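Keep in mind that this is a model prediction, so the values were computed, not measured. Residues take their numbers from the sequence shown, with the count starting at 1.
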Amino acid sequence: MMPGFEAFLEAAFWSAATATGFAVLFHVPHRSLPLVALLGALGYCLRVAWLAHGGSIVPGTLLASCSIGVGSMVLSYFIHSPAVVYSMPAVIPMVPGTYAYKTMIGLMQIADNGATLDVLIKTVNNGLITGFILVVLAIGVSIPNLLLRGRSIREIRWLSAKKSDSPPV
């Protein structure tokens with residue numbers, strides 16, 4: 001295997017483990033834990049693939065959180081659980097902890113040593129990235145609910161056709 005692919009699989013494993021850990025913390029039913037792990041790994045791997053192809057982290061996070069939101073809506077239809085059971089633990093591995101940490105370290109440096117231009121620019125940049133990632137995580141998970149506007153996922157024709165309906169032509 002290629003070293004890049006090994007790193008990709010390792011990221012998928014750890015994001016699935018993180019999603020599962022938070023699902024246990026949130027008291028998600030045991031039968032849903034593998035699906036939460038799958039959604040967490042899928043979302044994180046989509047973001048990593050976006051970044052590997054030269055994309056920025058904010059749109060990659062939006063793509064990944066939208067896929068988690070849509071996946072959780074579909075899973076909620078088939079498993080008969082609320083979509084939030086699958087979506088919230090699955091997006092937690094994408095919370096920008098490193099950027100938030102660097103922002104706080106920069107703020108402490110500014111408070112201790114005064115504001116040098118380099119430290120100030122890095123701190124503001126990391127703070128803005130942290131904020132934008134948190135906003136797109138919330139937007140991406142909410143998009144399926146916003147698009148359906150209170151309708152049920154059961155009303156989507158391609159997902160569940162009635163027995164009396166003829167197949168689409």
Side-chain angles (χ1 to χ4, degrees), residues 1-30 32-73 75-76 81-146:
M1 288 192 306
M2 298 175 358
F5 187 68
E6 289 174 354
F8 190 76
L9 286 178
E10 183 179 359
F13 172 77
W14 288 114
S15 61
T18 304
T20 305
F22 276 96
V24 168
L25 185 67
F26 296 156
H27 301 288
V28 171
H30 294 290
S32 300
L33 291 178
L35 299 171
V36 169
L38 180 68
L39 267 181
L42 175 71
Y44 194 83
C45 287
L46 274 173
R47 184 170 82 165
V48 167
W50 180 272
L51 294 173
H53 290 304
S56 176
I57 192 164
V58 175
T61 304
L62 180 64
L63 171 72
S65 62
C66 283
S67 68
I68 288 174
V70 169
S72 65
M73 291 291 287
L75 286 175
S76 71
S81 294
V84 72
V85 167
Y86 304 105
S87 62
M88 285 305 121
V91 297
I92 287 180
M94 292 187 289
V95 170
T98 303
Y99 289 107
Y101 175 76
K102 289 179 181 178
T103 301
M104 293 307 296
I105 293 297
L107 289 173
M108 290 184 344
Q109 286 176 350
I110 290 170
D112 288 344
N113 305 330
T116 64
L117 185 61
D118 185 45
V119 172
L120 189 60
I121 289 172
K122 287 180 182 177
T123 302
V124 169
N125 184 37
N126 287 326
L128 287 173
I129 290 173
T130 301
F132 286 138
I133 290 175
L134 290 174
V135 167
V136 298
L137 281 174
I139 289 171
V141 170
S142 303
I143 279 181
N145 289 324
L146 293 173

What I'd like to find out is whether the side chain of F26 reaches to under 4.5 Å of the side chain of I92, using heavy atoms alone. yes
Determine whether P29 and V85 make a side-chain contact, defined as any pair of heavy atoms from C-beta on separated by less than 4.5 Å. yes
Please tabulate, for side-chain N and O atoms in residues 45-57, each donor-acceptor pair with protein atoms closer than 3.5 Å (sequence neighbours left out).
| residue | atom | partner | partner atom | Å |
| --- | --- | --- | --- | --- |
| R47 | NH1 | T61 | OG1 | 3.2 |
| R47 | NH1 | M94 | O | 3.3 |
| W50 | NE1 | S56 | O | 3.0 |

Could you go through residues 109-134 and list every donor-acceptor pair under 3.5 Å that involves a side-chain atom there, pairing it with any protein atom two or more places apart or in another chain?
| residue | atom | partner | partner atom | Å |
| --- | --- | --- | --- | --- |
| T116 | OG1 | V119 | N | 3.4 |
| T123 | OG1 | V119 | O | 2.7 |
| N126 | ND2 | K122 | O | 3.2 |
| T130 | OG1 | A100 | N | 3.3 |
| T130 | OG1 | N126 | O | 2.8 |

For S72 and L39: C-alpha separation, side-chain torsions, deciding distance, then whether side-chain contact (heavy atoms from CB on, under 4.5 Å) applies. CA-CA 8 Å; S72 65; L39 267 181; 4.2 Å; yes
My understanding is that only residues two or more places apart in sequence, or in another chain, count here; which of them pass side chain to side chain contact (heavy atoms under 4.5 Å, CB included) with F13? none
What's the verdict on side-chain contact (heavy atoms from CB on, under 4.5 Å) for M73 and V70, showing C-alpha distance, side-chain angles and the deciding distance? CA-CA 5 Å; M73 291 291 287; V70 169; 5.7 Å; no
Do you know the tightest heavy-atom contact between [X] and [Y]?
X   : Y    : value
S65 : V136 : OG-O, 3.1 Å
A23 : L33  : CB-CD2, 3.6 Å
S81 : S76  : O-CB, 2.8 Å
A19 : G40  : CB-CA, 4.1 Å
S15 : P93  : O-CG, 3.4 Å

Answer yes or no: is there a donor N or O on one side and an acceptor on the other, between the side chain of T20 and the main chain of A16, under 3.5 Å? yes
Please determine whether the number of non-hydrogen atoms from other residues, nucleotides or ligands lying under 6.0 Å from atom OH of Y101 exceeds 12. no
